[in-house]
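Just below is one structure, and these are the notes that go with it.
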Amino acid sequence: MANIFDMTKVELQSFLIDKGIKKFRADQIFHYIYKQFIFDWNDMPLLPKADRILLEKELPFHFPKIISRQESPDRQTVKILLGFRDGNTVETVLMMHNYGNSICISSQVGCAVNCAFCASAKNGFIRNLTAGEMISQILAFKKYVTPDLHSIVIMGTGEPLLNYDNVLSFMRLIHEKDTFYLGYRNITLSTSGIVPPMYELAKEGLPITLAISLHAPTNELRRRIMPITDTYPLEDVLTAAGHYFNQTGRKVTFEYILIKDFNCTAVCARQLAQLMSGKNILINAIPINDNYDVGLHRPSSSEITNFITYLQNHNINITLRKEMGSKIQAACGQLRIQRKNI
Ligand code: SF4
């Protein structure tokens, strides 16, 4: 059965016409959903009762259930656990910045990529999320969406480029005037470096920000925490990133989790400076949160500073990312999935 959150206004119009409902009702329905955050046909009094009854039967709202909500002590980060009808759950995180609110969306239930530092991958891949299921993650934060929604980062559970069609539909949908009217420049898609769809994405010509998880300066080191390196080695990832920049004019961001005694040593700093020398890119360094299960630990402040300073002194564009949400397991690589009976 169709999910209204998957639909563009034009798609809803043809659905309505097909059911004998007037086309202009789509304007009213979109206004109810995206401006008033109403997800129940009975609460849409502008629609005739007969239309509401028909829509309740033909296009029921399947809004996910908010199972839990956690707020960080500084109240800047909120994490919710959403439950879908099939019993699967995903986490979504809201981050309140001084320039506006940003929401981190999950694109899959579980993940097949299996990065060593990532809690999301522990139960493997379960299924893709639809565009509508991604939209409902934004709508679940309704009171923070208007007028302060600044950006969407597709950086939660899942590898977005392994759910390419749905993620693309999602990005197009949130850009529509009748939904969130979010600029493509305010959307960041984060990938572990799945090379073929990076070329596809470049062809779309959307000026989104592409963020690539790098996390190590050599294939040898990277494959120890990111087994995907065996399929897509660094050389191929960097060539695809260069192509993306040439096609879109958008500077690619590389995410680099700093792990003690592993990837932020003096040797790694030299190797990374060499790898990125002359490239028009940005590196986002993020100290890892201690993960005792897999034995990965946060470097000391001086190790972090030495690493960043070395790269900056070698003309590499690198910044230390502000960390948010680590107290509620909402930071990078900390989202988990749980299966619940809804
Ligand atoms: S970091 Fe991203 S790509 Fe890697 S396992 Fe976690 S969700 Fe998947």
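Positions are given from 1 along the sequence. Start at 1 and go down the list; that is how both ligands and their atoms are numbered. These numbers come from a predicted model, not from an experiment.
Atom 4 (Fe) of ligand 1 has an N, O or S atom of C115 closer than 2.8 Å.
With sequence neighbours left out, R270 forms a side-chain contact (heavy atoms from CB on, under 4.5 Å) with V267, Y310. By the side-chain contact (heavy atoms from CB on, under 4.5 Å) test, R224 is found to be paired with L221, F262, residues two or more places apart in sequence or in another chain being considered.
The backbone N or O of E11 sits less than 3.5 Å from a side-chain atom of T8, completing a donor-acceptor pair.
Below 4.0 Å from some heavy atom of C118 lie the following atoms of ligand 1, by number and element: 1 (S), 5 (S), 6 (Fe), 7 (S). Numbered from 1 in the order shown, with element, the atoms of ligand 1 that lie under 4.0 Å from a heavy atom of C111 read 3 (S), 5 (S), 7 (S), 8 (Fe). For ligand 1, the atoms closer than 4.0 angstrom to any heavy atom of N114 are 5 (S).
Taking the ring centre of F15 as origin, the terminal cationic atom of K19 falls inside the region bounded by 6.0 Å and 45° from the ring axis.
Ring to ring, F63 and F5 are close: their centroids are under 6.0 angstrom apart.
Contact annotation for T191 and ligand 1: no heavy atom of the residue comes within less than 4.0 Å of the ligand.
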